[in-house]
Protein chains: 2
Amino acid sequence: MITIYDIAKNVGCSSATVSKALNNYPDVNAMTRKKILEMAESMGYSPNSQAQALTKNKTWNIGVLFETESEIRNGFTHYFFSQILESFKKYTEELGYDLTFVSQKIGENKVSFLQHVRRRRCDGVIIANYDYNDQNALELIHSKIPVVVIDFDNDTVSSIFSENYEGLKLLTQHLIDLNHRNIVYIHGQRNYVTGERIRGFEDTMNANNCKITGDHLVESAYYNRENIADKTRLVLARDKRPTAIIFSDDYAAVLGIKVIQEAGLKIPEDISVVGFDGLELGQMITPHLTTIVQDTRMIGELAAKRLTEIIETKNRTKIDISVGVKLLEGASCKQVKLI
Amino acid sequence: MITIYDIAKNVGCSSATVSKALNNYPDVNAMTRKKILEMAESMGYSPNSQAQALTKNKTWNIGVLFETESEIRNGFTHYFFSQILESFKKYTEELGYDLTFVSQKIGENKVSFLQHVRRRRCDGVIIANYDYNDQNALELIHSKIPVVVIDFDNDTVSSIFSENYEGLKLLTQHLIDLNHRNIVYIHGQRNYVTGERIRGFEDTMNANNCKITGDHLVESAYYNRENIADKTRLVLARDKRPTAIIFSDDYAAVLGIKVIQEAGLKIPEDISVVGFDGLELGQMITPHLTTIVQDTRMIGELAAKRLTEIIETKNRTKIDISVGVKLLEGASCKQVKLI
DNA sequence: ATAATAATCGAAAGCGGTTTCGAAAACTTC
DNA sequence: GAAGTTTTCGAAACCGCTTTCGATTATTAT
């Protein structure tokens, strides 16, 4: 590999001058600069980012903690979060940062995420789609390193949220406007995000004088096929079968639709269904799914903005940012007659 | 950050000895080593990988060229290739490599992929799901850097393929065994992979004495919703409507199923449908899709093995590896009566 | 012409490690 | 106890780049 010393030798100047010419320092003669740049070009010079990082104490590298494989979090969360990551990547790349997955291995040894990030001297870390209760992730969150998380309530680092409360409000109101009263929300495991959504559901039901009993809330497990199918069947088997079901997300909704259809019921004639997320998946089935679209592009962009801001200002102050959602009307809901 | 000099000072030895102790050199006394390791631990030492890379001339970093967003290649290719990437990542991480996305930006300037990779001094590069005709990608392929590609026929770098020929043979034979004779293959744009599949289709048809006319092959565009839907409708409108359709992939098949159902036809009663890939997507709809499962785990693992082998041996010899496929029987095909 | 100022350059130290090689100390061997 | 071995250690060079600061030269003002 060509170094600045090679260039210096060929041009007949010092390495310091080469470095300056390459970095647009003012104290280098226009003619000299020209010769250096041309020489660098013709020799195929490529700066060594490791050496630069060493002197500048900045790697232009952002660590990505992004669980892509596990029993629970399968391809479709992956698909959802990868959209966020994609947008995040686009924005950070624009600024010159590279994205590196942070693993738990370095060579032979298992190391913690924090160790990994420190070793690589990442300028910052983005955490998405990860099990936030993992001790390893928490250690990172509580470190001094710039971190931004997606969809995780905590009191140390900045995070980006979709308007979950608002999302469920929109969905619930939509169903109520179609005269549904017996609405069941098959939600995911309770956590902050789920809690917000449930609150949105309950508030909207109450605001419309729809009494909520324990029957209206059914807990299932996110992205657990068996579990979602079972819960759906239980709900369908009830004496007073609901006229509408809100699923925890699009994945569950699509699965639910399959279960409902297999039970011989028609959507939306017999029962209305809505999801949450706005995956393309929901638009590839019949009927098109009515759902809440999360603005993944915006989430990724804001996460990128916030993280790079923290990196540049070294100010880790916790700031929570929420991103608006919107209702996407498919064909999976139908108005019912008022009784 | 703590350096080996800090440790040396506290222990009362030289930095050289610290480095040796940390790297298991034989020429350091057991007692000294113990003191050094303990001191490193208690001071929270974390080696600077940039400095190490500088001396060792090895970054333990693999560049990933993986187009995740474009008009044509949307989320579902992403979903498919991300499984490969996932498996690739798992394996390379095991060996101690980190994965970094290679972008086309470094700071202010747009740089080529090759420049980016050289700058970061990546040990090697994996290319997947990328437009292989992109000048930028080709430049990388023709460089001296260790590269492995997925699903791209070329004569310079090692690549990993699924058994595309075999896949279409299996699908076609399956349909023929169900007495289908009028089978249409709605394939993607012609390229090496598509060519192999078409060959598999044709050979199997011929081997079973099914005459192939131009009507049996319809070209569509991969992952182009409009186009796939249009082509499907054209095929359905034919006088002699086929009894079975082979779609280019699961995405197209799922979309096709929707179009077919919207046309008032039943699957598999009126028409049999098969896909290619083995996405979960195909198992989330009614009826379950019959398809070819590509072994993404194996593809990723073999890509990782081959790439790290090249990195370690510095022998870039082109080796093509193919990975077996298998038929997954869903409920989207039905036997027809022989005429 | 002289003093003051501006433009241009390079020596050298530093970033945080690795590795060679010779020296010193500790053991063996006979 | 002398000679030969083995252990253990550190000085120093090196990896490729940045940046300070003083020196030199060119330019301008007086």
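Side-chain atoms are counted along with the backbone in the values below, which use heavy atoms only and exclude waters and symmetry mates.
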(Q) What's the angle between the local helix axes at either end of the helix from C:dA1-D:dT30 to C:dC30-D:dG1, using five pairs per end and rounding to 10 degrees? (A)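 The end-segment axes of the helix from C:dA1-D:dT30 to C:dC30-D:dG1 are tilted 40° relative to each other.
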[X] and [Y]: which non-hydrogen atoms are nearest, and at how many Å?
{"X": "B:Arg120", "Y": "B:Thr59", "result": "O-CG2, 3.6 Å"}
{"X": "B:Ser158", "Y": "B:Arg306", "result": "OG-NE, 3.1 Å"}
{"X": "A:Asn136", "Y": "A:Phe113", "result": "OD1-N, 3.2 Å"}
{"X": "B:Asn61", "Y": "B:Tyr97", "result": "N-CD2, 4.1 Å"}

Q: Evaluate the criterion salt bridge (charged side-chain N to carboxylate O under 4.0 Å, His left out) for residue pair A:Glu301 and A:Lys305; output intermediate values, then yes/no.
A: CA-CA 6 Å; A:Glu301 184 174 327; A:Lys305 270 196 178 125; 3.3 Å; yes
Q) Are any of the side-chain heavy atoms of B:Ser46 and B:Ile2 separated by less than 4.5 Å? A)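 The answer is no, as the side chains (C-beta and beyond) never meet within the 4.5 Å cut-off.
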Q) Which residues, if any, of residues 1-20 of chain A bring a heavy atom under 4.0 Å of DNA chain D? A)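 By residue number: A:Thr3, A:Ile4, A:Tyr5, A:Ala16, A:Ser19, A:Lys20.
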(Q) I'd like to know whether A:Val323 forms a side-chain contact (heavy atoms from CB on, under 4.5 Å) with A:Phe161, so could you lay out the CA-CA distance, the side-chain angles of the two residues, the decisive distance to 0.1 Å, and finally the verdict. (A) CA-CA 6 Å; A:Val323 177; A:Phe161 290 100; over 6 Å; no
Starting at [atom1] of [X] and ending at [atom2] of [N], how long is that distance when rounded to a whole Å?
{"X": "B:Asn24", "N": "C:dT18", "atom1": "CG", "atom2": "P", "answer": "12 Å"}
{"X": "A:Arg120", "N": "C:dG17", "atom1": "CZ", "atom2": "P", "answer": "14 Å"}
{"X": "A:Tyr25", "N": "C:dG10", "atom1": "OH", "atom2": "P", "answer": "16 Å"}

Q. Between residues 31-57 of chain A and DNA chain C, which residues have a heavy-atom gap below 4.0 Å?
A.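 Under 4.0 Å from DNA chain C: A:Thr32, A:Leu54, A:Thr55.
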Q: Compute whether any side-chain donor of one residue and acceptor of the other, for A:Asp98 and B:Thr100, lie under 3.5 angstrom apart.
A: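 Checked: A:Asp98/B:Thr100 side chains show no N/O donor-acceptor pair below 3.5 Å.
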Q: Can you label the angle between the A:Phe101 ring and the A:Phe66 ring as parallel, tilted or perpendicular, going by 30° and 60°?
A: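 The arrangement is parallel - the two ring planes meet at less than 30°.
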**Q.** Distance below 4.0 Å between B:Asn29 side-chain N/O and D:dT7 OP1 or OP2
**A.**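 No, no such contact exists.
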Q: Could you please spell out the steps behind the side-chain contact (heavy atoms from CB on, under 4.5 Å) verdict for B:Asn154 and B:Tyr192?
A: CA-CA 9 Å; B:Asn154 72 98; B:Tyr192 177 77; over 6 Å; no
